[in-house]
Amino acid sequence: MRQSHHRRAVEVQLGEAARQQKARGIHVMALCPGVTAPGAQQAGDVPAWLVQTPEEVAREALTALAARKGPVVVSGRGNSVLTSVARLLPRSAVLSVLAR
């Protein structure tokens, strides 16, 4: 899980850096979809309410892109809530939960 967290941080930083190209008419959005599984497939030990289908992620991404949202978009209501809560907690607490 830790590797995934670091990769996501890099993706977010790249999205934010590319967002600086807005003055040139370029729109960039970093999408953080969370756990995605096709159809009724289970996603291991992740609660079902956090799992999205690829179609749900794509629909939300296209809607956000059309609305020029960003620089970072977290898809799924559950993922958005968890991300917001994680921002309120100390980084060490978040990292310890992710390491489990």
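Residue indices begin at 1 and follow the sequence shown.
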Checklist entry - Can you check side chain to side chain contact (heavy atoms under 4.5 Å, CB included) on V73 and C32, steps first, answer last? => result CA-CA 6 Å; V73 172; C32 298; over 6 Å; no
Checklist entry - In Å and rounded to the nearest 0.5 Å, what is the OG1 to CD distance from T36 to E55? => result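 One finds 10.0 Å between OG1 of T36 and CD of E55.
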Item to check | L50 side, atom CG; L82 side, atom CG - distance, nearest 0.5 Å | outcome: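 Separation between the atoms: 5.5 Å.
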Checklist entry - Honestly curious: do L62 and M29 fall in one hydrophobic cluster under the side-chain, below-4.5 Å linking rule? => result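 No, separate clusters.
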Checklist entry - Please, which pairs that meet side-chain hydrogen bond (donor to acceptor under 3.5 Å, both in side chains) have at least one residue in residues 71-83, sequence neighbours excluded? => result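 Qualifying pairs: Q52-S75.
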Checklist entry - Would you say V57 and L31 make side-chain contact, with heavy atoms under 4.5 Å? => result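 V57 reaches L31 side chain to side chain.
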Next on the checklist: On a heavy-atom basis, which atom in A37 and which in P54 lie closest, and how many Å separate them?
Outcome noted: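 In terms of heavy atoms, the two residues are closest at O-CD, 3.6 Å.
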Checklist entry - Residues two or more places apart in sequence or in another chain: which of them pass side chain to side chain donor-acceptor pair (under 3.5 Å) with E60? => result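 With neighbours one apart ignored, the set is empty.
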Item to check | For L89, all residues meeting side chain to side chain contact (heavy atoms under 4.5 Å, CB included), sequence neighbours excluded | outcome: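 Per chain and number, L89 pairs via side chain to side chain contact (heavy atoms under 4.5 Å, CB included) with V85, V94.
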